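Written below as structure tokens is the structure these notes are about.
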Amino acid sequence: MAGRMMSRRIMGKASFAELKDASGRMQIYINRDEISSDAEGTMYNTVFKKLLDMGDIIGIKGEVFKTKVGEESVNVKELTVLSKSLRPLPVVKTDADGKVHDAFSDAELRYRQRYVDLIVNDHVKETFIKRTKITNSIRDFFNKRDYLEVETPILQPIPGGAAARPFKTHHNALDMPLYLRIANELYLKRLIVGGFDAVYEFSKDFRNEGMDRTHNPEFTVMELYVAYKDYLWMMNMTEELLEKVAMDSNGTTEVKIGENMVSFKAPYARVPILEAIKIHTGFEVAGMDEIALKEVCKKVGVAVDETMGVGKLIDELFGSKCEHHYIQPTFITDYPKEMSPLTKEHRTNPALTERFELMVNGKELANAYSELNDPIEQRERFEEQLKLTEKGDDEAMFIDQDFLRALEYGMPPTSGIGIGIDRLVMFMTNNSSIQEVLFFPQMRPEKKAVEMSEDEKAIFHILKANSPMLLNDLKTQSGFSNKKWDKTIKDLTKKNLAKINNTEEGLFVELGK
RNA sequence: GACCUGGUAGCUCAGUUGGUAGAGCACCUCCCUUUUAAGGAGGUGGUCCUGGGUUCGAGCCCCAGCCCGGUCACCA
């Protein structure tokens, strides 16, 4: 067997050590005379005792036996050094009481050096294994129903399908801007137009917005579209899916999330959003216009501003007064039209749409619609969004003409859903931070300390006191010879510590960034 | 973006009123043949986040900044 040495106890001519591989840890027993072929016991005394450290990777051959204490161990007959660790490994030890000593727990180091985190913190590896179990469970559920997993563009000319600020980039050959997708919804619907009955995609989406413990600039959403279904059908499917995911990942439908026990056992409560607002604020807001809604917001202490339309106001009311109440999985349904430009009008109330969001532990986990498939109405809804943009809402949606053209060829009645995979994994693994469920969460780059020579420091200090300054003045003040000056200023600019600007008034030197 | 913590050895952390920089683990040296959180003895190891200031003297006090975390704001 082979693995990384995670602990070592040397007792004269015999030693115990622990080897760790992907499947776990195993104790090994090493005896000087059994692994050394020469009289000096080189392999044991020099190699094992002196040259090897914790964290080194070794291979062994030997026989399994039980020690006096009853611990299953391998009696090593042959030892091979496979790989040396040059950096000391943080050693985490757990005592008989289960108390952890010297945990590698600094969040910054753990995220920046996830490889170390994974070596020494076994529970971290468990989280990511569970993450894969969850996505496998979802794939399994869909594939058994013959839903087709597809891939759609990440680089999009028009960032559509959601309301968010995109990352922008540029394609040189085509000389055009491209955006990293904020959603893949409009592409999946094009595929439904194309004749697939059900398509899904695990989509890495990108949003250029704030970061906190539930938001990372890149994150994963699973989106599914099924033709000839509506949002009522989708609620039933969602219940079934989440019940299975909970069973496959945790072996139970009862999951502990923070302080709460959450049951993913179907069915889930269904509450219309206006009903929820009535329950938690006491106001009946159905049919209210913008002015009346702003009144209500003021009364219950929700901040409003000029750019907010009816949709956003209701969203705010729900977000700040209701959302956190829904701990057990609950479908919040029938959102007002203004908030849902891609959703089909409600079958009994034209002010509403056939949409639901699934709330779990007070957070949104999924968002689904009966999709709007009327191209004429879709165009009108987009135009309303455009008006919102003009009003100052910088997140209202762009108009995607090609998507409208696709709809004009006819899209069957369809229901779609997006499930936040990172959030789902956070729930199923009881983590409160998205950084704990992403291998490599986004971090600020590490600051590198730039080393300066004495000469460089001297010039840097003069410059720092008076930047920008004329190049000739700086040279004179430094008192350096021509050659020394030339070398020093070139090195400083190379390290981006200084910058030379050629302007009409002459050559200036300023501090770099 | 605002506010609040924190930043000291490879890791986890102490550091008193401002007066020589500390512990445990890791690492190095020595002793020990079935041990167990970490057997015993000795040793190496520091940009106390950075830059200014106050002071005879700063890890500690003051100012500015950097970075992590948290709360809020923003954000389907």
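Within every chain, numbering begins at 1; the chains are lettered A, B, ... in the order of the sequence lines, protein sequences first and strands thereafter. All of these numbers come straight from a predicted model, not from anything done at the bench.
- Distances shorter than 4.0 Å separate none of the side-chain N or O atoms of A:Gln435 from OP1 or OP2 on B:rC68.
- The pairing partner recorded for B:rA41 is B:rU29, the criterion being a Watson-Crick or G-U wobble arrangement whose two distances lie under 3.5 angstrom.
- Listed by chain and residue number, nothing satisfies the salt bridge (Lys or Arg N to Asp or Glu O under 4.0 Å) test with A:Glu316 (two or more places apart in sequence, or in another chain).
- The residue A:Met11 sits close to a base: some heavy atom pair falls under 4.0 Å.
- Scored by the side-chain contact (heavy atoms from CB on, under 4.5 Å) test, A:Leu232 finds A:Asp230, A:Met235, A:Arg347 as partners (sequence neighbours excluded).
- Taking A:Ser415 as the reference, A:Lys229, A:Tyr231, A:Met234 meet the side-chain contact (heavy atoms from CB on, under 4.5 Å) condition, with sequence neighbours excluded.
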Identify the pairs formed between an N or O of the protein and an N or O of nucleotides 9-15 of chain B at a distance under 3.5 Å, and give each distance.
unit_1	atom_1	unit_2	atom_2	d
B:rU12	OP1	A:Asp106	N	3.2

Below 3.5 Å between N/O atoms, which protein atoms pair up with nucleotides 71-73 of chain B? Just atom names and distances, please.
unit_1	atom_1	unit_2	atom_2	d
B:rU71	OP1	A:Arg213	NH1	3.4
B:rU71	OP2	A:Arg213	NH1	2.8

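- Pair assignment for B:rG69: B:rC4, on the basis of Watson-Crick or G-U wobble contacts that are both within less than 3.5 Å.
- For the P atoms, the distance from B:rU20 to B:rG57 is 15 Å, rounded to whole Å.
- Every residue two or more places apart in sequence or in another chain that forms a salt bridge (Lys or Arg N to Asp or Glu O under 4.0 Å) with A:Lys20 is listed here: A:Asp122.
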Tabulate below the donor-acceptor pairs under 3.5 Å that side-chain atoms of residues 53-63 of chain A make, not counting sequence neighbours, or state none.
unit_1	atom_1	unit_2	atom_2	d
A:Asp53	OD2	A:Lys84	NZ	2.8
A:Asp56	OD1	A:Lys84	NZ	3.4
A:Asp56	OD1	A:Ser85	N	2.7
A:Asp56	OD2	A:Asp53	N	2.7
A:Asp56	OD2	A:Lys84	NZ	2.9

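- Looking at heavy-atom distances under 4.0 Å, A:Glu357 makes no contact with the nucleic acid at all.
- Scored by the side-chain contact (heavy atoms from CB on, under 4.5 Å) test, A:Ala107 finds A:Tyr111 as partners (sequence neighbours excluded).
- For A:Lys204, the side-chain contact (heavy atoms from CB on, under 4.5 Å) criterion is met by A:Phe206, A:Glu218, A:Thr220, not counting sequence neighbours.
- In this model, the phosphate group of B:rG39 is not approached by any side-chain N or O of A:Arg9 to a distance below 4.0 Å at OP1 or OP2.
- Side-chain atoms of A:Ser203 and A:Arg181 include a donor-acceptor pair closer than 3.5 Å.
- Side-chain N/O atoms of A:Asp212 and A:His215 include a donor and acceptor closer than 3.5 Å.
- Taking A:Arg423 as the reference, nothing meets the salt bridge (Lys or Arg N to Asp or Glu O under 4.0 Å) condition, with sequence neighbours excluded.
- A heavy atom lying under 4.0 Å from RNA chain B marks the following residues of residues 56-70 of chain A, by number: A:Phe65, A:Thr67, A:Lys68, A:Val69.
- Across B:rC28 and B:rU44, the matching P atoms stand 15 Å from one another, rounded to whole Å.
- Pairs passing the ring-ring contact (aromatic ring centres under 6.0 Å, His included) check and including a residue from residues 23-51 of chain A, sequence neighbours excluded, read A:Phe16-A:Tyr29, A:Tyr29-A:Phe65, A:Tyr44-A:Phe48.
- Residue A:Arg423 is classed as having no contact, given no heavy-atom separation below 4.0 Å to the nucleic acid.
- For B:rG43 and B:rC56, the P atoms lie 38 Å apart once the distance is rounded to whole Å.
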